[in-house]
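Notes to accompany the following structure.
In what follows, every heavy atom counts, from backbone to side chain, and hydrogens, waters and symmetry copies are set aside.
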Amino acid sequence: MERESLELLIARLSWPVPVVRWRAARALRDLLNSQETRLDATHMLLRSIAAARCETECCAGLTVFLMAESHARPALEALRDTLRYPSILASLLFRHMYGEDGPDWESSHSAFPSVYFEPEPFFIEHRTAHVPPILSTNLRRLERHANRPFMRQWAFEWQTLQDKTGVPRSSYPHYFGRVDDVKGGFVGQYIRGQGELYRSAYLRTLAYAVDHWEMPRHIAEHYAMDVVPAVPGLFEIDPVPRPVWLGDIPERCATSPGDLEQLARQLIDATRELKLRPMSLISPIVADVAEHGEFTITAHLVADDYSGDELYDNKMEIADFEAAFNIEGDRPETPLDTYSDQRKGSAAPVCTSMLPKPYGYWQSHYFATGLPVAASYVLPMGTRMRCTRGGVELLHAGRFVGTTSYWHDRWSPEYPREGNTRCGVYSTLEATLLPDALKRLGRRLVWKASMRLWQRASTLDEFEVFEKTVVFGD
């Protein structure tokens, strides 16, 4: 393979758009798995790890090796000798590749800051612009529980990396978006050089806590999961074509919101005879009809005394895959009581909104939209999950009992506040399982359909959200 092509792919591992990083990593992984291109791809990846400026840039290359077949990875010693910036995350990646930890990382941190150190205003102002707020939330939680200055140490570790690397102190990259959309309040999924520094400083803070504050290693590993670039299983999922059975229902809802219930019922009726029935759907509106719009429909199991006209969205399910570090295996349990709201006439979603731990921020556009998966209480015992190019599959006794798939519609990293990128997702359940679950759980089926449109009077105004929701029986 030509060197220029490999260098281009390596450069894309640090591209500002996370989706591009993921696709580049997939291409590099495939080159590693191919005997014809393995040697050149390995050489270039090792060079990129050796040239990294900080911990998370090293972990990007390590993640590609993790995704490769075991025989396609370099020798443990070669990779260990190449790693300039050990970290708790790198050690985890080594463990899942080779069965043993990577280079020692406990001392991979700065000293404790002097009493005169004050966090730079830039760090404070931009710590939730360049990385997700969960990192701040994690360190504040640790600070409360351990009575140690985690946030101050994070600022000091960032300052050390900033002084060493000279990465530009950039604010949120508004210049990537269209001027009119930025003025209207749109944001985007981007990672700049500062994002690498904030994440690396976070890992160094965890290392300091283990080294000086007696934090148990397994606790530090748990908090490191929020900076994992990608996870086996989910890494394989490709977008599929928009489902044919969807027709133009979302677009008709956008142009005639008053007909939302009628049109949603048409969609439900059109899919009743499918072997795998859609139970949860989030669909962007075709851009020619409404550039910024979203149609959602979800199925819920309600008690007999339910009489309300509202339902909560699919409840979040934090699924623990930390030990396996792979989104495959037994479908995690979702007790009905846990996922039912506690008011009279309780309701529970047919599909929970799964957030795997870890999930991989290179595919954040998927998880921002949601990962609806049929709940365990509507599935037979022993149901297993696996990820393929087509999405998440649920299997029992060799047959499909559910699926989750994504599609893109003129996808862009830009999206409206409180919205999603132009990424659709739907989750299905084997049709015969639904009546069995209703009977076994003593519940009945209710649907919730919603339409959201972001609109504005002129390009000088901010977008406002028009929303309509209807709840109706099956």
Side-chain angles (χ1 to χ4, degrees), residues 18 54-56 59 87-89 92 109-110 113 118-159 161-162 171-172 187-192 194-210 212-231 234 312-322 325 338 352-371 415 417-420:
C54 57
E55 286 78 359
T56 55
C59 290
S87 66
I88 185 172
L89 179 55
L92 281 167
H109 56 75
S110 307
E118 291 292 336
E120 187 175 317
F122 176 90
F123 172 84
I124 297 172
E125 181 181 352
H126 294 91
R127 65 189 173 204
T128 57
H130 287 293
V131 292
I134 186 63
L135 302 192
S136 297
T137 300
N138 288 345
L139 294 181
R140 285 198 178 97
R141 181 184 296 117
L142 289 169
E143 196 164 80
R144 290 195 304 271
H145 290 175
N147 196 28
R148 298 287 190 176
F150 279 86
M151 293 296 289
R152 190 165 183 266
Q153 187 67 32
W154 187 25
F156 185 66
E157 296 292 352
W158 173 87
Q159 189 70 61
L161 291 174
Q162 178 64 52
S171 59
Y172 173 80
V187 292
Q189 294 177 345
Y190 300 114
I191 304 173
R192 302 301 314 283
Q194 282 294 333
E196 304 291 356
L197 297 195
Y198 276 94
R199 286 184 172 90
S200 295
Y202 176 86
L203 291 173
R204 293 166 67 89
T205 301
L206 296 176
Y208 187 93
V210 171
H212 289 277
W213 296 336
E214 299 182 346
M215 173 186 275
R217 288 172 62 106
H218 73 277
I219 299 296
E221 290 178 355
H222 168 76
Y223 282 100
M225 293 293 171
D226 286 315
V227 291
V228 172
V231 183
L234 295 173
Y312 297 129
D313 293 332
N314 287 359
K315 287 202 170 183
M316 181 69 71
E317 172 194 355
I318 307 297
D320 184 1
F321 293 99
E322 290 186 18
F325 213 73
T338 301
T352 56
S353 184
M354 180 182 287
L355 179 63
K357 183 93 172 181
Y359 64 90
Y361 62 84
W362 283 349
Q363 292 170 281
S364 55
H365 68 300
Y366 283 165
F367 301 104
T369 303
L371 177 59
Y415 61 96
R417 294 187 187 277
E418 301 180 6
N420 308 306

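Partners of H212 according to the side chain to side chain donor-acceptor pair (under 3.5 Å) rule, which considers only residues two or more places apart in sequence or in another chain, do not exist here. In this structure, the salt bridge (Lys or Arg N to Asp or Glu O under 4.0 Å) partners of E120, at least two apart in sequence or on a different chain, are R169. Not counting sequence neighbours, the partners of F156 by the ring pair (Phe, Tyr, Trp, His ring centres under 6.0 Å) test are F117. Contacts of F367 classified as ring pair (Phe, Tyr, Trp, His ring centres under 6.0 Å), with partners at least two apart in sequence or in another chain: Y359. Contacts of R141 classified as salt bridge (Lys or Arg N to Asp or Glu O under 4.0 Å), with partners at least two apart in sequence or in another chain: none. With sequence neighbours excluded, the residues satisfying side chain to side chain donor-acceptor pair (under 3.5 Å) with S200 are T56. In this structure Q162 satisfies the side chain to side chain donor-acceptor pair (under 3.5 Å) test together with Q194, sequence neighbours excluded. For D226, the side chain to side chain donor-acceptor pair (under 3.5 Å) criterion is met by N138, K357, not counting sequence neighbours. Legend: residues meeting ring pair (Phe, Tyr, Trp, His ring centres under 6.0 Å) with F321, ordered by chain and number and at least two apart, are absent.
Note that CG of L355 and CG of D320 are 11.5 Å apart. Values are rounded to the nearest 0.5 Å. The distance from the CG atom of L89 to the SG atom of C59 is 4.0 Å, given to the nearest 0.5 Å. Expressed to the nearest 0.5 Å, how far CD of Q159 lies from CG of L197 amounts to 10.5 Å. Rounding to the nearest 0.5 angstrom, the gap separating the CG atom in L135 from the OH atom in Y202 is 5.5 Å. In this structure, OG1 on T205 lies 11.5 Å from CD1 on I88, to the nearest 0.5 angstrom. Interatomic distance, CD1 of I134 versus OH of Y361, reported as 15.0 Å (0.5 Å rounding).
Pairs of residues two or more places apart, or lying in two chains, that qualify as salt bridge (Lys or Arg N to Asp or Glu O under 4.0 Å) and include a residue from residues 213-222 are R95-E221, D101-R217, E106-R217. A salt bridge (Lys or Arg N to Asp or Glu O under 4.0 Å) check over residues 121-133, counting only residues at least two apart or in different chains, returns nothing. Residues in residues 147-157 take part in these side-chain hydrogen bond (donor to acceptor under 3.5 Å, both in side chains) pairs, two or more places apart or across chains: S110-E157, Q153-E157, E157-R204.
Within the 3.5 Å criterion, the main-chain N or O of T128 finds no donor-acceptor partner in the side chain of Y198. At distances below 3.5 Å, at least one donor-acceptor pair connects side-chain atoms of E143 with backbone N or O atoms of M151. Between the side chain of Y415 and the main chain of Q189, no donor-acceptor pair closer than 3.5 Å is present.
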Run the numbers on E55 and S87 for side-chain hydrogen bond (donor to acceptor under 3.5 Å, both in side chains), then give the verdict. CA-CA 6 Å; E55 286 78 359; S87 66; over 6 Å; no
With side-chain contact (heavy atoms from CB on, under 4.5 Å) as the criterion, how do L142 and L206 come out once you've worked through the C-alpha distance, each side chain's angles and the decisive distance to 0.1 Å? CA-CA 10 Å; L142 289 169; L206 296 176; 4.3 Å; yes
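The minimum heavy-atom distance between S353 and G370, with the atom names listed, is OG-CA, 4.3 Å. Between G360 and V231 the shortest heavy-atom distance is N-CG2, 3.9 Å. Closest non-hydrogen pair, P119 versus I124, comes out as CB-CD1, 4.0 Å.
Looking at V228 and F325, their side chains come closer than 4.5 Å, going by heavy atoms from C-beta outward. In this structure the side chain of Y366 never reaches within 4.5 angstrom of the side chain of L371, judged on heavy atoms. At least one side-chain heavy atom of P132 sits less than 4.5 Å from a side-chain heavy atom of R199. When side chains are defined from C-beta on, T338 does not count as touching E317, because their heavy atoms never get closer than 4.5 Å.
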